[in-house]
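Here's the structure, in structure tokens; my notes come after.
Keep in mind it's a predicted model, so treat the numbers as computed, not measured.
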Amino acid sequence: MSLLNVQAVSHRYGPKLALDQVSFALDAGIVGLLGPNGAGKSSLMRILATLTRPSAGTATWRGQDIHRRPQALRAELGYLPQDFGVYENLSALEFLNYLAAVKGLRGAHCRARVEWVLLQTGLQDVAGRRLGGYSGGMRQRVGIAQALLNDPALLIVDEPTVGLDPGERMRFRHMLSELAGERLVLLSTHIVADLEVSAERLLVLDGGRLKYSGSMEDLLEAARGQVWEWLVEEGALKSLRAQLCLSQSTKAGKDIRVRAISAECPAVGAQAVAPTLEDAYMNLLRT
């Protein structure tokens, strides 16, 4: 039996169906969760974090229903929501010590875990500063730190690299890779590059339905032969965007190098190129 099993989970907010019969099973490793805005990603993560009950279906952790017996999962859960907030009058050290106590950590073990998460997130030198003086990126790192306090077997992170600079994002990716091991990390992000270097499996939601569940390699293979590049004049870009699914457009001297997703050669001079994960994701959503 897999660590996490989701069976036919649906959820409604009034008349709106946010999730529609979503099913999957996951074991240890890093799993990326992708989908456009409104796809149901945050709803799914709140259900898995035991903050929301599904309207239908079940989710189990180590074989136990997480909504009938939430404490069993919560003891092994680390969660970073997209709208993570802090107590601005507390220092990072005070805030993390408080949350560690809420999670049941005590004594020397508590101190060791707080020191470790501060080190892992690069906050050890500013741990005594009030959170009200932190930048958005530093607050995000505090959010990542609190999610790791109890050494979770299930780590759920919703848009964890929002507000982080490129160096901080790289640090976070490395940290996730080191943490994976025997734990399950579910990572929701709009930054596809965060998944290219860390995720072993992908889940793609679209319109509340699970559109894809599988490896990154299989998704890339499905897009092979569907991605094209060529040069166009700058004035032609607007009409091309109306006609084709463009995944990229970059300046190339006086011209624009465009990258398009198409089952057939879209223009004279277009060359087939190897798909990136972003290409493959856009190819999946357009079908």
- request: Examine distances only and state if a side-chain atom of E233 and a backbone atom of D255 form a donor-acceptor pair shorter than 3.5 Å.
  value: no
- prompt: Does a side chain donor of either N150 or R113 reach within less than 3.5 Å of an acceptor in the other side chain?
  reply: no
query: Between CG of D20 and OG of S55, what distance do you get to the nearest 0.5 Å?
result: 11.0 Å
- prompt: Donor-acceptor pair, D27 side chain versus L3 backbone, under 3.5 Å?
  reply: yes
task: Check the hydrophobic clustering (I, L, V, M, F, W, Y; side-chain heavy atoms under 4.5 Å; chains of links allowed) and say if M170 and I30 are grouped together.
output: no
query: Does R111 have any salt bridge (charged side-chain N to carboxylate O under 4.0 Å, His left out) partners at least two apart in sequence or in another chain, and if so, which?
result: none
field: Joint hydrophobic cluster, L4 plus L33, side-chain heavy atoms closer than 4.5 Å
entry: yes
query: Do R259 and S249 have a side chain donor and acceptor closer than 3.5 Å?
result: no
- prompt: Just checking, is any N or O donor in the side chain of Q226 or R286 under 3.5 Å from an acceptor N or O on the other one?
  reply: yes
query: What residues form a side-chain hydrogen bond (donor to acceptor under 3.5 Å, both in side chains) with R53, not counting sequence neighbours?
result: none
message: When you compare the side chain of S23 with that of V6, does any pair of heavy atoms fall below 4.5 Å?
response: no
task: Supply the members, apart from W230, of the Ile/Leu/Val/Met/Phe/Trp/Tyr cluster built from side-chain contacts under 4.5 Å; use none for a lone residue.
output: W228, V232, L237, L240, L244, L246, I256, V258
task: For D65 and T58, test the side chains for any donor-to-acceptor distance below 3.5 angstrom and give the result as yes or no.
output: no
task: Could you state whether I144 and L77 fall into the same hydrophobic cluster, counting links through intermediate Ile, Leu, Val, Met, Phe, Trp or Tyr residues with side-chain heavy atoms under 4.5 angstrom apart?
output: no
statement: CD1 of I261 to CG of L284, rounded to nearest 0.5 Å, is 11.0 Å
query: Does a side-chain N-to-carboxylate-O contact under 4.0 Å join E76 and R62?
result: yes
message: Between Y281 and T276, is there a side-chain donor-acceptor contact under 3.5 Å, judged purely by atom types and distance?
response: no
